[in-house]
Structure formats: structure tokens, C-alpha cells
Engineer: 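One structure, as C-alpha cells, below. Some questions next.
In listed order, ligands and their atoms are each counted from 1.
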Amino acid sequence: MSVAHPSAASQPGPPHHAAVKPHMRSLPLRVGTRGSPLALWQTRHFLDLITRFCPVLRDAKAFEEHAITTSGDRIQDKRLADIGGKGLFAKEIHEALSDGRIDFAVHSLKDLETEMPPGIVLACTLKREDARDALILGPSCNPPDPSDPFACLPAGAVIGTASVRRQSQILHARPDLRVEMIRGNVQTRLAKVRDPGGPTASLLALAGLRRLGLEVEAGVVIDPDAMVPAAGQGIVGVTVRADDVELHELLSGIEDREAKAVSSAERALLAALDGSCRTPIGGHARLLPDGRLHLTGLVARADGSFLLKRSLHGAAADAARIGRELGDSLRRDSPADIFG
Ligand SMILES: NCc1[nH]cc(CCC(=O)O)c1CC(=O)O
């Protein structure tokens, strides 16, 4: 069978034709995911898109969800940067894919390392949800000020975050603030800010809040110029075994071209910087009205005492090259201790 993508007309390039032949592969297709409410929402969203694209899969038994606990989920008392290693939210999911226990997996792209393990490929990226970070305000914060995202934070306020990228940028803007490590899923972190004994405020991705129907919790949405988001923030990515040509082809049919271009630039920037997860790095790309791609990259010291932010633009088709070039330039002009 052959089904055209419902939105193929709005996308440039040749139309894709999905050709999943259920008689040629055993159903259900097993989809790997983390077990958090956000991960499950993203997985169901993906399954909804794929069944609209390929209606032959619109059967309650076509897919089977496999929730997998990752090292990132298991270790809750440490900063990810201190556990070491990259892709801590994906390791066990990659293993399940390599072993054939699942057929594909749904990830938050920002939690996926830039270099996939051998035999695994990133087969598609879905349309980006808002890439911005948001401040979650506790009861002792002042009312938001539209001209300054951080003005609502009282002097000396404690910001709960485990992200060195968010920490470095907020401390650079407001050296009077202090940072306290908080981890856990979105709901857990919201509860900590509401607790009078908890941090004064926290930072979360707006994308996750929206997907969970919790956008009202975003006290201040921060412009990407004031807080550069993480590479891939707001984008869902799907991995598959490299030799599974059939699934790879099906997945490429629901690829969002804009998400592909911006994430290629952001991930190439991240790869070129080759930081550890201790290095505060931000990357945010967008398409300009004329179709060119504009990429902003950031490198900082965790305490905010150094911060370098630069932008580069060029043809969207050169996304990866733009990312590499900007990454190389930021690296060249950063003090040695940042990448030490
Ligand atoms: N590291 C956890 C994580 N991975 C993806 C998201 C949000 C959703 C997204 O960026 O797509 C979050 C939570 C957060 O940073 O607030």
C-alpha cells in the first residue's frame, strides 16, 4: 500500500510515500520511551502522527509502548554533569533498540547525544514546540516585568535548577542570585517551588509545560536572547536501527523539514564544541522570513563569570556547516578552563 503524507503539499521536495507492509513485518511495532509523563505524552503524539500518515497502522494493536528506566531517571540526587557521560536519558533505550527488544524509540532531542551509538540513527525530528525556557515563580517573587525577565526575582533569590546552561546565564545576568540543584520530572520540580522551604524560583522548558497542559505555571517566558535554549529543546526525535530500512523510510515521511534544519545546525554546533555535560552550552536556530537559517550559540562558565554568545546565518541547506563554524569560533575564543 502507498499513502501520501496529508501535509505533503505544504512541504517542498518530492512527496514521500509510506510503504509499511504489515504482512512483511510482525506487528505490533514496539516503541521505546522513558516512563515520565512528558515522555509518554511525546510518544503518544508521535504515534498519533504516524498513524495519520500511514492509516494501515491505525489499529489499537499496531504499536506497543515499552517504558524504559534510564540512568538519568534512576539517579535523582546528582547533577547530570557530575554523573559523567553523555546521553544518560538514552543509554538503556539504545541498548533495547540494538538488542531488538524494541523497533524504534521516541526521545526529547535535547537529551540525545550528538553522536549515536553504532547501528542506531536519528530517523526523524518532529515539528518544534516553543524552544524557550520559562521561569517558575514561587510565592516570594515579585510580579513579572515585561522589560526584564529576571526583575521579578528578589535580591539573593535561590534558583532551583540542575542545568549548568541555565545556571550560568542567570548568574551572569544576576550575580546576586544563588543556585540550588533540583532534579526530578516536571511535576516534582513545580512542587518544590511551591513549597515554602524550596527554591524561590526555577527554570523549565516551556515545551514540556505546554505538552503537559501546565503552561500556566510559566511565570515568565524568557526570550532566547536573554537565555539561549539547549540544542534541540522543544523537538522530539525518533531513533531506529540503521539496518531497518523499512522503518527508516516510514519515519522519514513524517520528518519536519524546519525542525530538521534547525536541529542539524544546533547539534553540529554542540558537536563542534565537544563540551562535557559540565560545560554550559546553548544553541538556538531559527529560519528567517527569507528562508535563511540564523543560529545563536553560547558558551559560558558555570558561575556566570564568563559568557560568550555569537550568531551566524546562512543558507538553510548549509545548516550543519553553519553549526560547525559557529562552534569552532566560540571554542577558539573561550578560555581554556571552559573545555578543560
Ligand atoms: N532534561 C529533561 C527534559 N528533556 C526535555 C525537556 C523538555 C521538553 C523539550 O525540551 O523538548 C525536559 C525538561 C526541561 O528541561 O524542562
Engineer: Using distance alone, determine whether Lys110 and ligand 1 share an N or O pair under 3.5 Å.
Structural biologist: yes

Engineer: Quick check on contacts: which atoms of ligand 1 are under 4.0 angstrom from a heavy atom of Leu204?
Structural biologist: 16 (O)

Engineer: Given 3.5 Å as the limit, does a donor-acceptor pair link the side chain of Glu255 with the main chain of Thr125, or not?
Structural biologist: yes

Engineer: With atoms numbered from 1 as shown, which atoms in ligand 1 lie under 4.0 angstrom from a non-hydrogen atom of Gln233?
Structural biologist: 10 (O)

Engineer: Quick check on Leu38 - does any of its heavy atoms sit under 4.0 Å from an atom of ligand 1?
Structural biologist: yes

Engineer: Answer yes if the side chains of Thr43 and Glu65 hold a donor-acceptor pair under 3.5 Å, and no otherwise.
Structural biologist: no

Engineer: Can you tell me if Ser36 uses its side chain to pair, donor with acceptor, with the backbone of Ala39 under 3.5 Å?
Structural biologist: yes

Engineer: Report, in ascending order of atom number, the atoms of ligand 1 lying under 4.0 Å from any heavy atom of Arg166.
Structural biologist: 14 (C), 15 (O), 16 (O)

Engineer: Could you tell me whether Ser108 approaches ligand 1 through its side chain, its backbone, both or neither, with non-hydrogen atoms closer than 4.0 Å?
Structural biologist: side chain

Engineer: Hey, is Asp48 close enough to Arg44 for a salt bridge, meaning N to O under 4.0 Å?
Structural biologist: no

Engineer: Can you check whether Gly160's main-chain N or O pairs, donor with acceptor, with Glu180's side chain at less than 3.5 Å?
Structural biologist: no

Engineer: Going by heavy-atom distance to atom 2 (C) of ligand 1, choose the closest among Leu88, Asp111, Leu109, Asn185.
Structural biologist: Asp111

Engineer: What do you reckon, does Arg211 put a non-hydrogen atom under 4.0 Å from ligand 1?
Structural biologist: yes

Engineer: Between Thr200 and Ser140, do the side chains contain a donor N or O and an acceptor N or O under 3.5 Å apart?
Structural biologist: no

Engineer: Using distance alone, decide if ligand 1 has a nitrogen or oxygen within less than 3.5 Å of any nitrogen or oxygen in Ala207.
Structural biologist: no

Engineer: Carefully, step by step, assess Gln42 and Thr33 under the rule side-chain hydrogen bond (donor to acceptor under 3.5 Å, both in side chains).
Structural biologist: CA-CA 9 Å; Gln42 293 178 165; Thr33 173; over 6 Å; no

Engineer: Could you tell me whether some N/O pair between Gly234 and ligand 1 is separated by less than 3.5 angstrom?
Structural biologist: yes

